Amino acid sequence: EKLTKCAVMITQPFTHNNDLTNKIFYWYEFVSYCTDKVDATSNSSCSWLASRLGFIKLNTDASLSPKHLKAGLGAVLRDNYGAVLASSSSPLKAKPSVDILEALAILRGLNLARTLGLSAIEVESDAAGIISDINNHTHSFSELGLVLHDIRTISSCFNFCSFRYSHRSTNKVAHELAHLALNIVSDTIWLGKVPTQCNRFVLEIFPPLELNFTTLLLSKKKKKKKKK
């Protein structure tokens, strides 16, 4: 099954009348798929980690639909307990490169954090190249370079702002928000929550306290029955 999926990804750019952007996107997805498989075997316990006490974690991601000439940006802000402060999905009708999309997702998330008056932000994205360019202060007058400049400018408005690469498996909420953006017509912000479609990815890491308490009670009852 895995070999079949890889074969489809490899041949897809050449079996359709796709333009250059589509072909680049298919190759990007193929490389990402292979990278995830390697990372998964080396570290199968990859999961989202909360920020340090007093800091807010910002996760961002981007999605592209070459078929519909549409893109989407996703961002989610969570505190050190894992509680969601805000989330957003932003559709784009343009079709920029994947790198520009990932950078725009970070910029969108930072703008949301600034709007909420947050002061200490830990930014995480699965776009390793973009995170590297931000941290290395890479300068360019290209379209991507201008977006990176805007990211550095707005990040200087916070008391603290760091940028760090995170594995795709730790970025599920932002990933789903980006995909959701492909199916909406305007920017949407959810305060104190994520849309229903993303709830299960939040609960994977931090299940409801009621569920934990119920599970604890049931386990205690089972232990008592065994003793009797």
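Values below: every heavy atom of this structure, side chains too, minus hydrogens, waters and symmetry copies. As the structure is a computational prediction, the values presented were derived from the model and not from experiment. Counting from 1, the numbers follow the sequence of the chain as shown.
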**Request:** Please report the C-alpha distance between Leu77 and Val84 in whole Å, then the side-chain angles of each, then the deciding distance to 0.1 Å, and finally whether the side-chain contact (heavy atoms from CB on, under 4.5 Å) criterion is met.
**Result:** CA-CA 6 Å; Leu77 290 158; Val84 176; over 6 Å; no

**Summary of salt bridge (charged side-chain N to carboxylate O under 4.0 Å, His left out) pairs that have at least one residue in residues 55-65, sequence neighbours excluded** =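 As it turns out, the salt bridge (charged side-chain N to carboxylate O under 4.0 Å, His left out) pairs with a partner in residues 55-65, which skip direct neighbours, are Lys57-Glu124.
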
Shortest non-hydrogen contact from [X] toward [Y]:
{"X": "Ala174", "Y": "Asn59", "value": "CB-O, 3.6 Å"}
{"X": "Ser51", "Y": "Arg78", "value": "OG-O, 4.3 Å"}
{"X": "Ile130", "Y": "Asp99", "value": "CD1-O, 3.5 Å"}
{"X": "Gly54", "Y": "Ala120", "value": "O-CB, 3.9 Å"}
{"X": "Ala181", "Y": "Gly72", "value": "CB-CA, 3.6 Å"}
{"X": "Asp79", "Y": "Trp48", "value": "O-CH2, 4.1 Å"}

Which distance, rounded to the nearest 0.5 Å, do you find between the [atom1] of [X] and the [atom2] of [Y]?
{"X": "Asn183", "Y": "Leu180", "atom1": "CG", "atom2": "CG", "value": "6.5 Å"}
{"X": "Asp133", "Y": "Leu148", "atom1": "CG", "atom2": "CG", "value": "5.5 Å"}
{"X": "Ser47", "Y": "His167", "atom1": "OG", "atom2": "NE2", "value": "11.5 Å"}
{"X": "Leu112", "Y": "Leu107", "atom1": "CG", "atom2": "CG", "value": "11.5 Å"}

**Request:** Sequence neighbours left out, what passes side chain to side chain donor-acceptor pair (under 3.5 Å) with Arg152? Give chain and number order.
**Result:**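 Result, side chain to side chain donor-acceptor pair (under 3.5 Å) vs Arg152: none returned.
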
**Prompt:** Looking at residues at least two apart in the chain, or sitting in another chain, which of them share a side chain to side chain donor-acceptor pair (under 3.5 Å) with Asn136?
**Reply:**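 Residues passing side chain to side chain donor-acceptor pair (under 3.5 Å) with Asn136: Ser132.
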
**Request:** Could you name each residue pair satisfying side-chain hydrogen bond (donor to acceptor under 3.5 Å, both in side chains) that touches residues 104-119, not counting sequence neighbours?
**Result:**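 Pairs touching residues 104-119 that pass the test: Ser90-Arg108.
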
Holding to side-chain contact (heavy atoms from CB on, under 4.5 Å), I want the full list of residues that pass it with [X], two or more places apart in sequence or in another chain.
{"X": "Ala71", "answer": "Leu64, Leu92, Leu101"}
{"X": "Glu143", "answer": "Ile100"}
{"X": "Ala75", "answer": "Leu58, Thr60, Ser88"}
{"X": "Asn135", "answer": "Ile131, Phe163"}

Determine, using the 4.5 Å side-chain heavy-atom cutoff (strictly less than), whether [X] and [Y] are members of one ILVMFWY cluster.
{"X": "Ile189", "Y": "Leu73", "answer": "yes"}
{"X": "Leu182", "Y": "Leu104", "answer": "no"}
{"X": "Leu146", "Y": "Leu144", "answer": "no"}
{"X": "Phe201", "Y": "Val194", "answer": "yes"}

**Asked** What pairs of residues pass the ring pair (Phe, Tyr, Trp, His ring centres under 6.0 Å) test when at least one of them lies in residues 101-155, not counting sequence neighbours?
**Response**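 For residues 101-155, and leaving out neighbouring residues, there are no ring pair (Phe, Tyr, Trp, His ring centres under 6.0 Å) pairs at all.
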
**Prompt:** Which pairs, with at least one residue in residues 169-192 and sequence neighbours excluded, count as a ring pair (Phe, Tyr, Trp, His ring centres under 6.0 Å)?
**Reply:**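 Passing the test, one end in residues 169-192: His175-His179.
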
Under the 3.5 angstrom rule, does the side chain of [X] hit a backbone N or O of [Y] as a donor-acceptor pair?
{"X": "Thr170", "Y": "Ser166", "result": "no"}
{"X": "Ser87", "Y": "Lys193", "result": "yes"}
{"X": "Ser186", "Y": "Ile184", "result": "no"}

**Prompt:** What residues join Phe55 in its hydrophobic cluster, counting side-chain heavy atom gaps under 4.5 Å, either direct or through other members?
**Reply:**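 Joined to Phe55, directly or through intermediates: Phe160.
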
Are side-chain heavy atoms of [X] and [Y] found at a separation under 4.5 Å?
{"X": "Arg52", "Y": "Glu122", "answer": "yes"}
{"X": "Val123", "Y": "Ser155", "answer": "no"}
{"X": "Leu110", "Y": "Cys161", "answer": "yes"}

**Request:** Let me see the working for Ile134 and Ile106 under side-chain contact (heavy atoms from CB on, under 4.5 Å), right down to the final yes or no.
**Result:** CA-CA 11 Å; Ile134 295 172; Ile106 293 174; 4.1 Å; yes

